[in-house]
Protein chains: 2
Amino acid sequence: MAGQKVQRQTGVALWRQIADRIRTSINHGDFDEAGMVPPETALALQFGVNRHTIRSALAALAQEGIVRAVQGRGTLIERKERLSFPISRRTRFSQGIGDQVRETRSVLLATSEEPASTELARQLKIKIGTRLVRLETLGQADHRPVSRATSWFPADRFGAIAEIYRTTGSITKAFRELGVPDYVRVVTEITATHADEGDLADLQLSPGAIVLVAQALNADLDNIPVQYSISRFAADRVRFTVEN
Amino acid sequence: MAGQKVQRQTGVALWRQIADRIRTSINHGDFDEAGMVPPETALALQFGVNRHTIRSALAALAQEGIVRAVQGRGTLIERKERLSFPISRRTRFSQGIGDQVRETRSVLLATSEEPASTELARQLKIKIGTRLVRLETLGQADHRPVSRATSWFPADRFGAIAEIYRTTGSITKAFRELGVPDYVRVVTEITATHADEGDLADLQLSPGAIVLVAQALNADLDNIPVQYSISRFAADRVRFTVEN
DNA sequence: TCAAAATGTCTATTGATATAGACAACCATA
DNA sequence: TATGGTTGTCTATATCAATAGACATTTTGA
């Protein structure tokens, strides 16, 4: 694997490009045998840059907690992870990744009531201006933030959902208490974009990082829409799996 | 929309962060009424940076062909597009986006024959070392590159697929000629990452750009795997839609 | 036709990024 | 314990990124 090129004068510093590539390689398992990253001098040769530039890249990865440099020995890999997140008719946050991590948790960041916009009314198949409950939530796996989501629910049926969610930390349980024994995923739209200000804060990312955006519509068993949500996932921590 | 913050000293130049945000806004339709981007002075105020920094961002977008500055008038939006790409049991490249653009085309970049790696053997449910045909293809919509894909097919059944694909430009037709009247998508894995060197060239992207990566397995009607592919899409040009 | 508003161009200065080289400090092991 | 390989630190220099200000050029519309 000789001479991987990096692009200059593109507005993305070399150290950041290299940090992104090394992080990808770690997640891909390229250095699993040694359990550590190649020496700085080797990386400098490989990427065709100065050793100091490599050091900047590794310092950034150390800041993220991905590697740890030990003088005299080398740079050890501390953590590698990319959770597989299934998307199916029965998509649930905690269930889907439950067998991949020790602990999943969901935190309510904020909630409010607001009238349905044109777009939300179209998605939820209701009239514009219908009152909705909005929930801002943060999904965590083993105490590391994985996703942040904004969800809307018709207020007439689910006015109390925020309070129930706050105590149970589960949408599924909240639905059950409010007379929806089961629900299914109708459609999911997936895009990718750069992390915005909120992503950087909530998901603990660095600028230029990527988020996968999933816009989803859930309906009850009578096919009546019950939830529309926009979830943003740290792209280097998750992968979506669509089973057909 | 006042005072959107940009992050400093993160290895991503301010002009690039701002270019990415403006591109996203354009694709989101934020400036559709005017058909043009706000004045440079207004953007400078909004992002809290110098006007020259805004000009660098707009120059980058002009280079991509997304906007065009006209002295005395303003900066016009030239192009906005994000194709919707359905993922379902019957996912096909050209069919899926056929009604959204005037012309879709698929080009064969390269082909070769190679033995199955451990990973490919696992996916295609064959023995390691089984001979495979590898196809490198480029998908275009209205003469703009949208995706690049690497596909593998068992060589015993599909040894001639490269030649047929080269003339027809269609996997579906090639399958049909080789005795596979129909096929279905078994599973799709979706991730997002930064564009690599090949993406930049083939998809005409700039560094720091995002690609959506879809790893897919297709099987014939007897549920025997016929194709494993890794497709890379320019994230700002497509969106995946999962119908459940 | 003039003025306002917008983009285009130029100079100057500061801080971040990248290269280059040298050497210190530390670890593993022969 | 001596040696080779590794990370840590320092100085110096050149280029890119960002700010600041001034003014020219073009378009639009009052």
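Lettering follows sequence order; numbering is per chain, from 1. Side chains included, hydrogens not; waters and symmetry mates left out as well; all remaining heavy atoms used.
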Any donor-acceptor N/O pair under 3.5 Å between D/dG8 base and A/Arg51 side chain: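 By the distance-only test, yes, there is a pair.
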Donor-acceptor pair (no angle test) under 3.5 Å: B/Gln71 side chain, C/dA6 base: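 Such a pair does not exist between side chain and base.
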Can you identify which nucleotide, out of [options], has its nearest atom closest to the [X] side chain?
{"X": "A/Thr53", "options": "C/dT19, D/dT9, D/dT19", "answer": "C/dT19"}
{"X": "A/Pro39", "options": "D/dG8, C/dT7, D/dT6", "answer": "D/dT6"}
{"X": "B/Asn50", "options": "D/dT28, C/dC26, D/dA20", "answer": "D/dA20"}
{"X": "B/His52", "options": "C/dT7, C/dA28, D/dA20", "answer": "D/dA20"}

May I have the distance from [X] (atom [atom1]) to [N] (atom [atom2]), rounded to whole angstrom?
{"X": "A/Gln17", "N": "C/dT17", "atom1": "CD", "atom2": "P", "result": "13 Å"}
{"X": "B/Leu45", "N": "C/dA6", "atom1": "CG", "atom2": "C1'", "result": "16 Å"}
{"X": "B/Arg73", "N": "C/dG8", "atom1": "CZ", "atom2": "P", "result": "13 Å"}

Lys/Arg-Asp/Glu bridge criterion (N-O < 4.0 Å) met for B/Arg21, A/Asp196: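 Answer for the salt bridge query: no.
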Residue closer to the 5' end of DNA chain C, A/Trp15 versus B/Glu40 (nearest nucleotide):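 First, find each residue's nearest nucleotide; the 5'-ward one identifies B/Glu40.
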B/Ser106 side chain to B/Tyr165 side chain, donor-acceptor N/O pair below 3.5 angstrom: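 Result is yes, a qualifying pair exists.
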